[in-house]
Trainee: 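Before I ask anything, here is the structure I am working with.
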Amino acid sequence: MPPSSKSEYKKHKDSDPGVNERTGRIANSIDLSSDPDYTKLLEHYQHAEFTECKEELAKLEKRYPEHPGLLKFKDDLQMKLSLKNIAISIEEEEKRKKKKVILNSSVFVVIGVLIVMIIFFFSYYFLNDNVTAKQLEDETALLTSLSYQTEQLLLAGQPQPAAKIIERMTTINSEFENLPELISRTDDLLRLEANYQTALNLITENKNNEALVILNEIEVEKPNFWDVSQQIVSIETSLQIAEYMEEGNAAYQVEEWDQVISAYENALILDPELDDPLMNEQLLRGYLNVIISMLENENTSIEDIENAETYYRKAVAIAPQSKAFANERGNLQKASSNLIELKFTQIAKASLGDKNQTATSIAKAVSYMRKAANIQPEDTILNLDLKKAEYYQIAFKNFIEMNWEQSITNLNQISSMDSNYANGNANLLLFEAYYALGKQYYSVGLYLDAINKLEQAEILAWNDSDNLIKLFQVQVFLGDTIGKLNDYKNAVSYYKYALNAIQVNKKLTNFPAIATKLAEADVFTAYENYEEAFNAFQEVLKGIDVVYSTSEIEISDGTCLAFFANENLSTVDAVLDANDLPISMTITYGRKLKVPIIEK
């Protein structure tokens, strides 16, 4: 690269005093960098364009004679040109040598070509046979590949693309061994495809039955072909829905509301998105009529109420918000109120009639009954039911606390209004209360009062023919009490009633001592020796528990003993005595208790 004019000039000036003397002050003061030709000179030099450099340098020397920078540049350029001339000479010499080498090589190439042509001539026929074999091999490979593609398309149920490939294969080699089978299978699939399309067209035309016939034929011939099975299911579902719709419409005409609901709900199960205005209207009226019918039924169960509540929610969901259905919506609101009231009432009655009831469950039952009465405050029947429930709650509390007289008072008030209140639970408690109060009077010598209470218990026991031990115990106790008044004749009569009712003679075959004593009592009775008969019967009754059957039964914590005993055909007195328990009407913790009964 040539140095810049300033720096080179400065170097010249510093290193060569003679130049300084020649150029003088004028040469030193010239700045070549501002001259455009000098700039061109440098550009030509940078691009190794030395001829152009020489021309530009000549121009500058005329303009700036004896300029040290130009002199230095001239020396450097002459050196470059000399080197270039030397390189050109060397290059021309090498070219002459190459031409000589090429000439010699050409001779050898011509000889080689002649040899190759001779070899090609002799090997042509041999190579031609090999090419034909290779072409045949390539064709077979191509046909095999196309055959595989066709096979895959047929397996995927795409006969039309398969047919196009078969056409290409036929063009290549119509004698290819796989072609007949592929053509046959493709034709079969094209036929099935046409039948399938026909079925789809029939579906579009709402001719589902005809379409179903074709689709079933396709399914039989080629199972799992495309979506044929799904189409069959879809059509069958549509036909089933249509059948349910017809069934619902027919039931609506004759006001068979349960069938209306069943038919339309079955249709909705098959198609939850089904939105038919006529179906919705008739289903709504079906729900409403069933709810009203259930509300009018005196024997409605809690399960019925829950079903009705479900119907109510469904009815509300489909009730149109239009003036035409204002009456139905009003009826639904009323039905909702009645359902809630009835549900509260039924829950309360179920709790009061439960044999495993407790003071807590009875309190909840009264609360439900009060809620029901608050919904319908003008309903006299509801208010009467609430009053009975409150009496029963008080009576139960008094019973558990063994406040017999007050319990009997409240239970009698209930019985005067409903002889079988709380599924018979009121009468059961009344029997045990009378019996316990009779024993209480007996224990303090108030025999007449005891007899009065025991006779009330006997009346109640007569109504429970399944529980033999209940009537047996109360009649035996009446005999004991009457005997205390020295009325031996009536006392013996009660003993005989009690023993005959349980068919005691059949039960004493394995107990000869007691059977003998019983026979002796009967003889005294026959001779009207009632006092001796009374004493003899008492001897028999001391060991009478041999006729009882006893089993162990689990009892839960807090259970009322009266309900537990009666549910297992026994009495409170019998269970307490069998288990040597203190007098109590509830069990404080769960356990197994011995339960004596008298079998028929």
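Numbers for residues simply follow the sequence, beginning at 1. Both backbone and side-chain heavy atoms feed into the values below; hydrogens, waters and symmetry mates do not.
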Trainee: Between Leu189 and Gly157, what is the shortest heavy-atom contact and its length?
Mentor: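 Heavy atoms only, the tightest pair is CD1-CA, 4.4 Å.
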Trainee: Nearest 0.5 angstrom please: Glu256 CD to Gln259 CD, how far?
Mentor: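 Rounded to the nearest 0.5 Å, the CD-CD separation comes to 5.0 Å.
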Trainee: Does a sphere of radius 6.0 Å around CD in Glu378 hold more than 12 heavy atoms from other residues, nucleotides or ligands, not counting ones at 6.0 Å or beyond?
Mentor: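 Count not over threshold, so no.
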Trainee: Can Gln158 and Gln152 be counted as having a side-chain donor-acceptor contact under 3.5 angstrom?
Mentor: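 Looking only at side-chain atoms, Gln152 and Gln158 do not form any donor-acceptor pair under 3.5 Å.
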Trainee: Taking Ser351 for its side chain and Ile347 for its backbone only, find out whether a donor-acceptor pair lies under 3.5 Å.
Mentor: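 It does hold such a pair.
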Trainee: Taking only residues two or more places apart in sequence, or in another chain, which ones meet Lys314 in a salt bridge (charged side-chain N to carboxylate O under 4.0 Å, His left out)?
Mentor: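 Once residues adjacent in sequence are excluded, the partners of Lys314 under the salt bridge (charged side-chain N to carboxylate O under 4.0 Å, His left out) criterion are Glu265.
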Trainee: Would you sort out whether Asn423 and Lys355 count as a side chain to side chain contact (heavy atoms under 4.5 Å, CB included), showing the intermediate values?
Mentor: CA-CA 9 Å; Asn423 197 27; Lys355 299 303 180 184; 4.3 Å; yes
Trainee: Tell me if the CD atom of Glu599 is crowded by more than 12 foreign heavy atoms within 6.0 Å.
Mentor: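 No, because the 6.0 Å sphere around CD of Glu599 holds 12 heavy atoms or fewer from other groups.
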Trainee: Within 45° of the six-membered ring axis of Phe225 and under 6.0 Å from that ring's centre, is NZ or CZ of Lys222 located there?
Mentor: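 No.
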Trainee: Keeping the roles fixed (side chain from Ser556, backbone from Thr559), state whether a donor-acceptor pair exists under 3.5 Å.
Mentor: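 Answer holds: no.
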Trainee: First locate atom CG of Leu182, then atom CG of Asn178, and finally report the distance between them rounded to the nearest 0.5 Å.
Mentor: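 It comes to 5.5 Å.
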Trainee: Apply side chain to side chain contact (heavy atoms under 4.5 Å, CB included) to residues Tyr311 and Leu288 and explain how you reach the verdict.
Mentor: CA-CA 8 Å; Tyr311 289 161; Leu288 188 55; over 6 Å; no
Trainee: Is the closest side-chain heavy-atom distance between Lys592 and Ile555 below 4.5 Å?
Mentor: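 Not in contact.
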Trainee: So among Tyr252, Trp257, Tyr264, which one has a side chain to side chain donor-acceptor pair (under 3.5 Å) with Gln282?
Mentor: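 Checked Tyr252, Trp257, Tyr264 against Gln282; only one passes side chain to side chain donor-acceptor pair (under 3.5 Å): Tyr264.
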Trainee: Using side-chain heavy atoms (C-beta onward) and a distance below 4.5 Å, is Leu270 in contact with Asn266?
Mentor: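 Side-chain contact under 4.5 Å: no.
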Trainee: Below 4.0 angstrom, N of the basic side chain to O of the carboxylate: do Glu55 and Lys59 qualify?
Mentor: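 Lys59 and Glu55: not salt-bridged.
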Trainee: Kindly write out the residues that satisfy salt bridge (charged side-chain N to carboxylate O under 4.0 Å, His left out) with Asp464, not counting sequence neighbours, or none if the list is empty.
Mentor: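 Applying salt bridge (charged side-chain N to carboxylate O under 4.0 Å, His left out) to Asp464 gives Lys470.
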Trainee: Counting only heavy atoms not in Lys388, do more than 12 sit closer than 6.0 Å to its NZ atom?
Mentor: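 Buried by this count: over 12 neighbours within 6.0 Å.
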Trainee: Rounded to the nearest 0.5 Å, how far apart are OG of Ser238 and CG of Asp271?
Mentor: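 It comes to 8.0 Å.
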Trainee: Please check: side-chain N/O of Asn383 versus main-chain N/O of Asp379, any donor-acceptor pairing under 3.5 Å?
Mentor: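 Yes; judged by distance alone, with no hydrogens or angles, the pair exists.
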Trainee: I'd like to know if Asp557 and Arg591 make a salt bridge, using a cut-off of under 4.0 Å between side-chain N and carboxylate O.
Mentor: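 Not counted as a salt bridge, because no side-chain N and carboxylate O are separated by less than 4.0 Å.
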Trainee: Looking at Asp354, is its backbone amide N or carbonyl O close enough to the side chain of Gln357 to form a donor-acceptor pair, meaning the two atoms are under 3.5 Å apart?
Mentor: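 Between the backbone of Asp354 and the side chain of Gln357 there is a qualifying donor-acceptor contact (under 3.5 Å).
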Trainee: Between Tyr421 and Tyr392, does a ring pair (Phe, Tyr, Trp, His ring centres under 6.0 Å) hold up when you go through it step by step?
Mentor: CA-CA 9 Å; Tyr421 185 74; Tyr392 185 79; 5.8 Å; yes
Trainee: Could you check whether atom CD1 of Ile381 has more than 12 heavy atoms from other residues, nucleotides or ligands sitting under 6.0 Å from it?
Mentor: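 No - once you tally the heavy atoms of other residues, nucleotides and ligands closer than 6.0 Å, there are 12 at most.
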Trainee: Asn208 versus Leu202: any side-chain heavy-atom pair under 4.5 Å?
Mentor: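 No, too far: nothing below the 4.5 Å cut-off.
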Trainee: Leu142 versus Glu139: any side-chain heavy-atom pair under 4.5 Å?
Mentor: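 Not in contact.
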Trainee: So which atom in Ala365 and which in Ala348 form the shortest heavy-atom distance, rounded to 0.1 Å?
Mentor: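 Minimum heavy-atom separation between Ala365 and Ala348: O-CB, 3.2 Å.
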Trainee: With side chain to side chain contact (heavy atoms under 4.5 Å, CB included) as the test, pick out the partner of Phe564 among Asn356, Ile587, Thr586, Val595.
Mentor: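 Testing Phe564 for a side chain to side chain contact (heavy atoms under 4.5 Å, CB included) against Asn356, Ile587, Thr586, Val595 leaves exactly one candidate, Val595.
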Trainee: I need the minimum non-hydrogen distance between Cys53 and Leu41, along with the two atoms involved.
Mentor: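 Answer, listing the atom of Cys53 first, then Leu41: O-CD1, 3.3 Å.
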Trainee: Taking atom types as modelled, find out whether Gln197 and Asn201 have a side-chain donor-acceptor pair closer than 3.5 angstrom.
Mentor: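 Distance-only check passes for Gln197 and Asn201.
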Trainee: Do the side chains of Arg185 and Glu151 get close enough for a salt bridge, i.e. N-O under 4.0 angstrom?
Mentor: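 Yes, charged N to carboxylate O under 4.0 Å.
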Trainee: Give the intermediate values and the outcome of side chain to side chain contact (heavy atoms under 4.5 Å, CB included) for residues Ser147 and Phe176.
Mentor: CA-CA 10 Å; Ser147 176; Phe176 184 61; 4.0 Å; yes
Trainee: Report, as yes or no, whether the 6.0 Å neighbourhood of atom CD on Glu303 holds more than 12 heavy atoms from other residues, nucleotides or ligands.
Mentor: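 No.
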Trainee: Here's a test for you: under side chain to side chain contact (heavy atoms under 4.5 Å, CB included), which of Leu215, Asn195, Ile214 qualifies with Val228?
Mentor: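 Only one option passes, and that is Leu215.
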Trainee: Is the side chain of Ser367 donor-acceptor paired with the backbone N or O of Ala363 at a distance under 3.5 Å, no angle test?
Mentor: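 No, the answer is negative, given that no donor and acceptor are paired below the 3.5 Å cut-off.
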Trainee: To the closest 0.5 Å, what do you measure between OG (Ser184) and CG (Leu154)?
Mentor: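 Ser184 OG to Leu154 CG: 10.0 Å, rounded to 0.5 Å.
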Trainee: Are Cys560 and Phe563 packed together at the side-chain level, in the sense that at least one heavy-atom pair is separated by less than 4.5 angstrom?
Mentor: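 Yes, their side chains come closer than 4.5 Å.
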Trainee: For the atom pair CD1 (Ile553) and CG (Leu593), what is the distance rounded to the nearest 0.5 Å?
Mentor: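 With rounding to 0.5 Å, CD1 (Ile553) is 9.0 Å from CG (Leu593).
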Trainee: Report yes if some heavy atom in the side chain of Leu268 is under 4.5 Å from a heavy atom in the side chain of Met279; otherwise report no.
Mentor: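 They are in contact (side-chain heavy atoms under 4.5 Å apart), so the answer is yes.
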Trainee: May I have the step-by-step check of side chain to side chain donor-acceptor pair (under 3.5 Å) for Thr345 and Glu341, ending in yes or no?
Mentor: CA-CA 6 Å; Thr345 302; Glu341 173 262 307; 3.3 Å; yes
Trainee: Might you confirm whether atom OH of Tyr368 has over 12 heavy atoms from other residues, nucleotides or ligands at distances under 6.0 Å?
Mentor: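 Open: at most 12 neighbouring heavy atoms sit under 6.0 Å from OH of Tyr368.
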Trainee: Before accepting this row, confirm whether a basic side-chain N of the pair Glu221/Arg191 lies closer than 4.0 Å to the acidic partner's carboxylate O.
Mentor: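 A salt bridge links Glu221 with Arg191.
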Trainee: Scan the side chains in residues 161-171 for donor-acceptor partners under 3.5 Å anywhere in the protein, sequence neighbours excluded, and list what turns up.
Mentor:
{"residue": "Thr170", "atom": "OG1", "partner": "Ile166", "partner atom": "O", "Å": "2.8"}
{"residue": "Thr171", "atom": "OG1", "partner": "Glu167", "partner atom": "O", "Å": "3.0"}

Trainee: So how far is it from Leu382 CG to Asn374 CG, rounded to the nearest 0.5 Å?
Mentor: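 Spacing of CG (Leu382) from CG (Asn374) equals 10.0 Å.
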Trainee: Please give me the minimum heavy-atom distance between Asn173 and Leu179, naming the atom from each residue.
Mentor: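 Answer, listing the atom of Asn173 first, then Leu179: O-CD1, 3.4 Å.
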Trainee: Can you name the nearest heavy-atom pair linking Leu60 to Asp37, along with the distance?
Mentor: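 Looking at all heavy atoms of both residues, the shortest contact is CD2-CB, 3.8 Å.
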Trainee: Which is it for Lys600 and Asp466 under the side chain to side chain contact (heavy atoms under 4.5 Å, CB included) test, yes or no, and what are the steps along the way?
Mentor: CA-CA 8 Å; Lys600 289 186 177 181; Asp466 290 332; 3.5 Å; yes
Trainee: If we ignore angles and hydrogens, is there a donor and acceptor under 3.5 Å between the side chains of Asp227 and Tyr196?
Mentor: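 Yes, side-chain donor-acceptor contact under 3.5 Å.
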Trainee: Would you say the side-chain atoms of Asn249 pair up with the backbone N or O of Met245, donor to acceptor, closer than 3.5 Å?
Mentor: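 Judged by distance alone, yes, a pair lies under 3.5 Å.
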Trainee: If I compare all heavy atoms of Trp226 with all of Pro159, which pair ends up nearest, and what's the gap?
Mentor: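 Result for this residue pair: CZ2-CD, 4.3 Å.
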Trainee: Please check: side-chain N/O of Asn568 versus main-chain N/O of Ser570, any donor-acceptor pairing under 3.5 Å?
Mentor: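 Not confirmed, Asn568 side chain does not pair with Ser570 backbone.
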